[in-house]
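Model, not experiment: these values are computed from the prediction.
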Amino acid sequence: MSRDTIAEVLTVIRNANMDGKKTVKIPSSNITENIIKLLLREGFLENVRKHYENGNYFLVLTLRHQKTKKGTFTNILNLKKISRPGRRIYSTSKKIPRILGGIGIVIVSTSHGILTDREARLEGIGGEILCYIW
């Protein structure tokens, strides 16, 4: 049985966000680091730091929450995995979907690395659609 590391990372972040946790620790790999860098750059995360523990590297993410008038916190991060190991979804640069009219982002794995939908459209390259984030 193969492991889908991207789906695991998105699930850990989604669950921590719904539970109202401020930080979450995920295993580090090249692809997860690139996805987390995109989330940080696009403003979906507050902070990321790399942590070494028991011979393994972990990424410690600080999630961004929004405080309501009642004093409670709301989720501002929604994640949806698109391409799976059993069914890969590919798209050309012109057919990459727009999430909420451009408010959300699509993370695309291209021959130039992992990019957002805007960057892929600017470079004119398509690839595998990994996930939607809004």
Side-chain angles (χ1 to χ4, degrees):
M1 182 177 215
S2 66
R3 292 182 47 181
D4 188 5
T5 58
I6 299 170
E8 289 176 7
V9 166
L10 293 177
T11 301
V12 167
I13 294 171
R14 185 183 313 112
N15 290 342
N17 192 34
M18 286 191 301
D19 197 28
K21 292 185 179 179
K22 188 73 174 161
T23 62
V24 64
K25 184 170 76 170
I26 60 170
S28 178
S29 69
N30 287 337
I31 193 162
T32 56
E33 283 185 25
N34 290 332
I35 291 173
I36 296 305
K37 284 178 188 175
L38 285 178
L39 290 175
L40 181 65
R41 190 174 64 211
E42 294 291 324
F44 291 106
L45 298 175
E46 281 186 24
N47 191 15
V48 176
R49 63 183 166 91
K50 200 169 191 178
H51 182 68
Y52 184 75
E53 183 179 304
N54 297 331
N56 296 321
Y57 284 100
F58 293 94
L59 295 173
V60 179
L61 314 176
T62 305
L63 302 177
R64 186 178 300 271
H65 291 284
Q66 199 171 32
K67 199 168 187 178
T68 62
K69 292 180 182 178
K70 296 179 183 178
T72 60
F73 292 99
T74 62
N75 301 336
I76 60 167
L77 183 65
N78 294 304
L79 308 144
K80 183 176 181 185
K81 178 82 167 105
I82 301 301
S83 191
R84 302 183 314 247
R87 184 174 184 215
R88 304 286 186 189
I89 307 295
Y90 296 96
S91 179
T92 63
S93 64
K94 295 178 183 172
K95 293 186 179 179
I96 295 175
R98 295 182 193 275
I99 304 303
L100 295 176
I103 295 173
I105 63 170
V106 178
I107 295 182
V108 182
S109 177
T110 67
S111 58
H112 293 239
I114 296 179
L115 305 173
T116 64
D117 55 340
R118 290 178 215 109
E119 294 168 340
R121 281 191 206 98
L122 283 175
E123 293 188 21
I125 53 176
E128 181 182 357
I129 298 177
L130 298 177
C131 60
Y132 297 158
I133 301 168
W134 71 97

task: Name all residues meeting the side-chain hydrogen bond (donor to acceptor under 3.5 Å, both in side chains) criterion together with Lys50; count only those two or more places apart in sequence or in a different chain, and write none if there are none.
output: Glu33

field: For Ile125 against Ile96, the heavy-atom pair lying closest together
entry: O-CD1, 4.2 Å

task: Test side-chain contact (heavy atoms from CB on, under 4.5 Å) on Glu42 and Ile133 and set out the steps.
output: CA-CA 10 Å; Glu42 294 291 324; Ile133 301 168; over 6 Å; no

message: Please identify which of these residues, Leu77, Leu63, Asn17, meets the side chain to side chain contact (heavy atoms under 4.5 Å, CB included) condition with Phe44.
response: Leu77

- prompt: Would you say Ile31 and Leu59 are hydrophobically clustered, going by side-chain heavy atoms of ILVMFWY under 4.5 Å?
  reply: yes

- request: Using the test ring pair (Phe, Tyr, Trp, His ring centres under 6.0 Å), find all partners of Tyr57 that sit at least two apart in sequence or belong to another chain.
  value: Tyr52

Under 3.5 Å donor-acceptor, Arg118 side chain and Gly102 backbone: yes

Cluster link Ile103 to Ile82, ILVMFWY, side chain under 4.5 Å: yes

Ala7 backbone acceptor or donor facing Thr11 side chain under 3.5 Å: yes

task: Any chance you could measure Ile36, atom CD1, to Leu45, atom CG, to the nearest 0.5 Å?
output: 5.5 Å

Distance under 6.0 Å and angle within 45° of ring axis: Lys80 vs Tyr132: no

- line: Shortest non-hydrogen pair, Gly126 vs Thr110, comes out as O-CG2, 3.5 Å

statement: Smallest heavy-atom separation, Thr32 atom then Pro27 atom, equals OG1-O, 3.6 Å

field: Exam field: side chain Ser83 to backbone Ile89, donor-acceptor pair closer than 3.5 Å
entry: yes

field: Steps toward side-chain contact (heavy atoms from CB on, under 4.5 Å) verdict (Leu38, Glu119)
entry: CA-CA 11 Å; Leu38 285 178; Glu119 294 168 340; 4.2 Å; yes

task: Provide the closest heavy-atom pair for Ser93 versus Ala120 in the form atom of the first, atom of the second, distance.
output: CB-O, 4.1 Å

- prompt: Does the side chain of Val9 reach to within under 4.5 Å of the side chain of Ser29, using non-hydrogen atoms?
  reply: no

Test item: Asn34 side-chain N/O and Ile114 main-chain N/O as donor-acceptor pair under 3.5 Å: no

message: Looking at every non-hydrogen atom in both residues, tell me the closest pair between Ile129 and Pro97 and how far apart they are.
response: CD1-CD, 3.7 Å

- request: Please write out which residues are connected to Val60 in a hydrophobic cluster, directly or through intermediates, given that two of Ile, Leu, Val, Met, Phe, Trp, Tyr count as joined at side-chain heavy-atom separations below 4.5 angstrom.
  value: none

task: Step by step, work out the side-chain contact (heavy atoms from CB on, under 4.5 Å) result for Asp117 and Ile105.
output: CA-CA 6 Å; Asp117 55 340; Ile105 63 170; 4.2 Å; yes

Arg41, CZ atom: more than 12 neighbouring heavy atoms under 6.0 Å: yes

